[in-house]
Amino acid sequence: MPELPEIETVCHGLRPFLENNIIQNVQTNRDNLRYPFPPLFKERLETARVLKIERRAKYILLHLDNELTWVIHLGMSGRIRINEEVSNKHDHVVWTTQQDCHFVYNDPRRFGLMDLVVTSKLNQHRLFADLGIDPFDAVLTPEFLHKALATNKRPLKSVLLDQTIIVGLGNIYVCEALWLTNLSPFREANTLSLKQWDKLLENILCVLKKAITAGGSTLKDYSQPNGELGYFQHQFNAYGREGKQCLNDSCKGSITRVVQAGRSTFYCIDCSK
DNA sequence: CGGGCCACCTGGCGGC
DNA sequence: TGCCGCCAGGTGGCCC
């Protein structure tokens, strides 16, 4: 479930049950997700208090009172359920708090990861050292993008997916933001005017905000930790709409699916330039 | 070095 | 039914 809006939604759902609470009874049901669990994973988490939960890029950071940060990434299929006692296949990590809340990390494909990192050294950690700018960071401006990509001939689709430039966007929201801006995913980054970067950034922020408000997008399963569905998928204009009519009022075209850098891209050939 | 491709996993779905 | 191929919200290593 994991682009920026979905991670934001998960953080939001976890806070009331985890922040200021003490972790106990951590149980791992296998040795690894994408990577092995770090040494003493269970021991270092148990009795620690969660001070604050925040999102960085598509990572969930749980800052603990023992100078460590619990890093969680949901990969493609990771989910966290709260207070749902039924146990399912692929429930890989289970934990509780002293307040008797019960948490389950479920991840069929195991592209997710968990790690424990010294909080003061987070920025140097290999997962975070090369990350680009968050879309909601004021440092990210049209002027910055225009300048930074002035000689970059890569297609916009791959530039926007590149987490070393802007973080948080994934396949869905890149397709949506480009469609909203009438920009082709094949358009070379260096050919955008400052005005076009301005429009594109505005649409990126707009689509992300709307998706967060909607609780994220749910493609196959529950999105939010409380089991509620995210419902932004009902507002998709491009993603998953192959063969359907373009929703741009002044356009008679339809949405095409192509494979770009190994991933599906949905766009309108007629009105995206 | 930059960038494209493919692997990492499991499951669901459509077609035959 | 059952089997097969394709597809899926991400990342990172390898190879040119």
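All heavy atoms count here, side chains included; hydrogens, waters and symmetry mates do not. Protein chains get the first letters and strands the later ones, always in sequence-line order, with residue 1 at the start of each.
Going from atom CZ of Arg79(A) over to atom C1' of dG11(B) covers 11 Å, rounded to whole Å. Rounded to whole Å, atom C1' of dG3(B) lies 16 Å from atom CZ of Phe186(A). One interatomic measurement links the two molecules: CD of Glu3(A) to P of dT11(C), which rounds to 9 Å at whole-angstrom precision. The NE2-C1' distance, from His90(A) to dG11(B), rounds to 8 Å in whole Å. With rounding to whole Å, Ile165(A) atom CD1 is found 8 Å from dG3(B) atom P. Rounding to whole angstrom units, CG of residue Leu113(A) and P of dC9(B) are separated by 14 Å. In this structure, CE of Met76(A) is placed 15 Å from P of dG12(B), rounded to the nearest angstrom. Asp115(A) has its CG atom 15 Å from the P atom of dT11(C), to the nearest Å.
The pair Glu8(A)-Arg55(A) meets the salt-bridge criterion, with a side-chain N (NZ, NE, NH1 or NH2) lying under 4.0 Å from an Asp/Glu carboxylate O. Salt-bridge annotation for Arg81(A) and Asp91(A): present, with a side-chain N of the basic residue lying under 4.0 Å from a carboxylate O of the acidic one. Using a cut-off of 4.0 Å between Lys/Arg side-chain N and Asp/Glu carboxylate O, Lys42(A) and Glu46(A) are scored as salt-bridged.
A cation-pi arrangement, defined by a distance under 6.0 Å to the six-membered ring centre and an angle within 45 degrees of its axis, is absent between Arg44(A) and Phe37(A).
The aromatic ring of Phe111(A) does not stack onto the base of dC9(B), failing the criterion of a centre distance under 5.5 Å from the six-membered base ring together with planes under 30° apart.
Counting non-hydrogen atoms of neighbouring residues, nucleotides and ligands closer than 6.0 angstrom, the NZ atom of Lys273(A) exceeds 12 such neighbours. Applying the 6.0 Å contact sphere to CD of Glu67(A) captures no more than 12 heavy atoms from other residues, nucleotides or ligands.
The Leu127(A) side chain lies nearest to dG12(C) when the options are dG10(C), dG3(B), dG12(C). Closest to the side chain of Arg257(A), out of dC7(C), dT11(C), dG4(B), is dC7(C).
No side-chain heavy atom of Ile204(A) sits under 4.5 Å from any side-chain heavy atom of Glu176(A).
Contact between the side-chain N/O atoms of Ser264(A) and the OP1/OP2 oxygens of dC7(C) is not found at any separation under 4.0 Å. Between Arg110(A) and the phosphate of dT10(B), there is a side-chain N or O to OP1/OP2 separation shorter than 4.0 Å. A sub-4.0 Å separation between OP1 or OP2 of dG11(B) and a side-chain N or O of Lys89(A) is present. Look at Lys58(A) and you won't find any side-chain N or O under 4.0 angstrom from OP1 or OP2 of dG9(C). Note on His73(A): every side-chain N or O is 4.0 Å or more away from OP1 and OP2 of dG10(C).
For the P atoms, the distance linking dC3(C) with dC9(B) amounts to 24 Å, nearest Å. Comparing the P positions of dG9(C) and dG3(B) gives an interatomic distance of 23 Å, to the nearest angstrom. Atom P of dC5(B) sits at a distance of 15 Å from the matching atom of dC7(C), rounded to the whole Å.
Residue Phe266(A) comes nearest to Arg241(A) through the heavy atom pair CD2-N, 4.0 Å, listed as atom of the first residue, atom of the second, then distance.
Using a 4.0 Å heavy-atom cutoff across all strands shown, Gly262(A) reaches no nucleic acid atom at all. Looking at heavy-atom distances under 4.0 Å, Phe236(A) makes no contact with the nucleic acid at all. Within the nucleic acid shown, Arg154(A) comes within 4.0 Å of sugar-phosphate atoms alone, with no base atom in reach, counting heavy atoms only.
Nucleotide dG14(B) forms a Watson-Crick or G-U wobble pair with dC4(C), both donor-acceptor distances falling under 3.5 Å. As the counterpart of dC9(B), no nucleotide is assigned, since no Watson-Crick or G-U wobble pattern has both distances under 3.5 Å.
Between the side chain of Arg109(A) and the base of dA8(C), at least one donor-acceptor pair of N or O atoms lies under 3.5 Å.
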Using atom names, set out every protein N or O paired with an N or O of nucleotides 14-16 of chain C below 3.5 Å, distance rounded to 0.1 Å.
none

* Using the ring pair (Phe, Tyr, Trp, His ring centres under 6.0 Å) rule, take Phe186(A) and Tyr267(A) through it: C-alpha gap first, then chi angles, then the decisive distance, then the call. => CA-CA 10 Å; Phe186(A) 292 95; Tyr267(A) 76 116; 5.8 Å; yes

